[in-house]
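Report on one structure; see the data block that follows.
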Protein chains: 2
Amino acid sequence: MLVADNATAPTYTIGECARRSGFTMDTLRYYERIGLIDDVRRTATGQRRFTDGDLEWLGTLKCLRDTGMPVEQMARFADLVREGDHTIPERIRLLEAHRVAVDERMADLAAKRDYISGKIDYYRSV
Amino acid sequence: MLVADNATAPTYTIGECARRSGFTMDTLRYYERIGLIDDVRRTATGQRRFTDGDLEWLGTLKCLRDTGMPVEQMARFADLVREGDHTIPERIRLLEAHRVAVDERMADLAAKRDYISGKIDYYRSV
DNA sequence: CTAGGACTTGGAGTGGACTCCAACGCAAAC
DNA sequence: GTTTGCGTTGGAGTCCACTCCAAGTCCTAG
């Protein structure tokens, strides 16, 4: 559930963040550990409290991960973001290269989907 | 290179089969071991000789694998093929279910590709 | 005939990305 | 204030699909 510090800055426990981001709690901790997520804010007793900003970033990570970007390259992207605005050109290059990879993957899937359809048609004709 | 038993039935060494199928030699041996490929014909001294029929089957496996079918399900499909023509309806069901999965994957990729494009546009606008 | 590359085996090892564990502390509901 | 369950840690374990290894045999070009 939502845990509010004040009216304008909602925060989320790791469980709630998992539910909202689509990552498991373990994956969220793992991503923080390897530097994919900046150190998350903590309560006085050490529990994580994710912000909407964290969730937005997690959305980007989810997109990159689900389109097949390796963790190492996501980490590189995270580093670029941390380094500041002067890395934006490189971020664009990285994303463009990834988009090309996604396009190729989709084209390959489309071709192979047709092959499967052909196989199905063949089986239907027997 | 091609190793012909006679004019009508070319066979291929594992190296040549690897080159033609796009699998590594190790993967071909592994697939045979776990039953994805029927026992391959051998020379008197035990070396494998793949046929055009084997290559065709490998093409199907490559298509299924590259579209994300788990090895276990490919093995199930291979079993159905071995069991004979009466399993054709089930093979059709399996392939149709897989095609649905591929379609979903493509739709997901397309949506996420758009997200990436949006991100690129945003970075370009900064 | 010989050199060098291709092939054989069973089994162990790898890489990527998590996923689980134990033993504990903290929180929210009643 | 106690129970129920969510959260913490470091490190070990898992899963999938290969991939590599060693020690040996086979094949073919010259």
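On a predicted model such as this, the values are computed, not experimentally measured, just so you know. Here is how names work: the chains are called A, B, and so on, in the same order as the sequence lines, proteins then strands, and each is numbered from 1.
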Q. Which of the following nucleotides, C/dG11, D/dG7, D/dT9, is nearest to the side chain of A/Gln47?
A. D/dG7

Q) Got a salt bridge between A/Arg42 and A/Glu32, using NZ or NE/NH1/NH2 to carboxylate O under 4.0 Å? A) yes

**Q.** Distance in angstrom units between B/Met25 CE and D/dA17 P, rounded
**A.** 22 Å

Q) Does the side chain of B/Tyr31 get closer than 4.0 angstrom to OP1 or OP2 of D/dA17 through an N or O atom? A) no

Q.
Strictly below 4.0 Å, N to O, side chains only: are A/Arg19 and A/Glu16 in salt-bridge contact?
A. yes

Q: Find the distance A/Asp26:CG to D/dT14:P and express it as a whole number of Å.
A: 15 Å

Q. Roughly, in whole Å, what's the span from CD1 in B/Ile34 to C1' in C/dT9?
A. 17 Å

Q.
Can you work out whether B/Thr24 or B/Thr43 has the more 5'-proximal nearest nucleotide on DNA chain D?
A. B/Thr24

Q | Side-chain ion pair, B/Lys112 and B/Asp108, N-O less than 4.0 Å | A | yes

Q.
Regarding B/Arg76 and B/Asp79, does a basic nitrogen lie under 4.0 Å from an acidic carboxylate oxygen?
A. no

Q: Starting from P on C/dG16, measure out to CG on A/Leu36 and report it in whole angstrom.
A: 14 Å

Q) How close or far is atom P of D/dT28 from atom CD of B/Glu16, stated in whole angstroms? A) 13 Å

(Q) Looking only at the side chains, is there a donor atom on one of A/Tyr12 and A/Asp52 sitting less than 3.5 Å from an acceptor on the other? (A) yes

Q: Treating Ile, Leu, Val, Met, Phe, Trp and Tyr as nodes and any side-chain heavy-atom pair under 4.5 angstrom as an edge, say whether A/Ile120 and B/Val100 lie in one connected cluster.
A: no

Q) If you check every side-chain atom of B/Tyr30, which of C/dT8, C/dC18, D/dT19 has the closest atom? A) D/dT19

Q) Where do A/Arg41 and A/Arg48 land on the side chain to side chain contact (heavy atoms under 4.5 Å, CB included) test, with the steps shown first? A) CA-CA 6 Å; A/Arg41 282 172 47 201; A/Arg48 289 173 185 81; over 6 Å; no

Q.
Please report the distance, rounded to the nearest Å, between CZ in B/Arg41 and P in C/dC7.
A. 16 Å

Q.
With each end axis built from five pairs of C1' atoms, what bend angle do you get for the helix from C/dC1-D/dG30 to C/dC30-D/dG1? Round to 10°.
A. 20°

Q: Let me know the distance between CZ of A/Arg42 and C1' of C/dC26, rounded to the nearest Å.
A: 14 Å

Q: Taking all non-hydrogen atoms of both residues into account, name the closest pair between B/Tyr122 and B/Val126 and its distance.
A: O-CG2, 3.0 Å

Q: Between A/Thr45 and A/Thr27, just flag the one whose closest nucleotide in DNA chain C comes earlier from the 5' side.
A: A/Thr27

Q: Can you spot which of B/Leu61, B/Leu64, B/Thr87, B/Leu36 makes a side chain to side chain contact (heavy atoms under 4.5 Å, CB included) with B/Phe77?
A: B/Leu64

(Q) Would a single hydrophobic cluster contain both A/Leu58 and B/Tyr115, if residues Ile, Leu, Val, Met, Phe, Trp and Tyr are joined by side-chain heavy-atom contacts under 4.5 Å? (A) no

**Q.** Any A/Arg48 side-chain N or O less than 4.0 Å from OP1/OP2 of D/dT8
**A.** yes

Q: Return the value, rounded to whole Å, for the distance between atom CD1 of B/Ile37 and atom P of D/dC18.
A: 11 Å

(Q) Side chain of A/Arg29, heavy atoms from C-beta onward: which of D/dT8, C/dT8, D/dG11 has the nearest atom to it? (A) D/dT8

Q | Stretch residues 59-77 of chain A: residues that reach within less than 4.0 Å of DNA chain C through a heavy atom | A | A/Arg65, A/Pro70, A/Val71

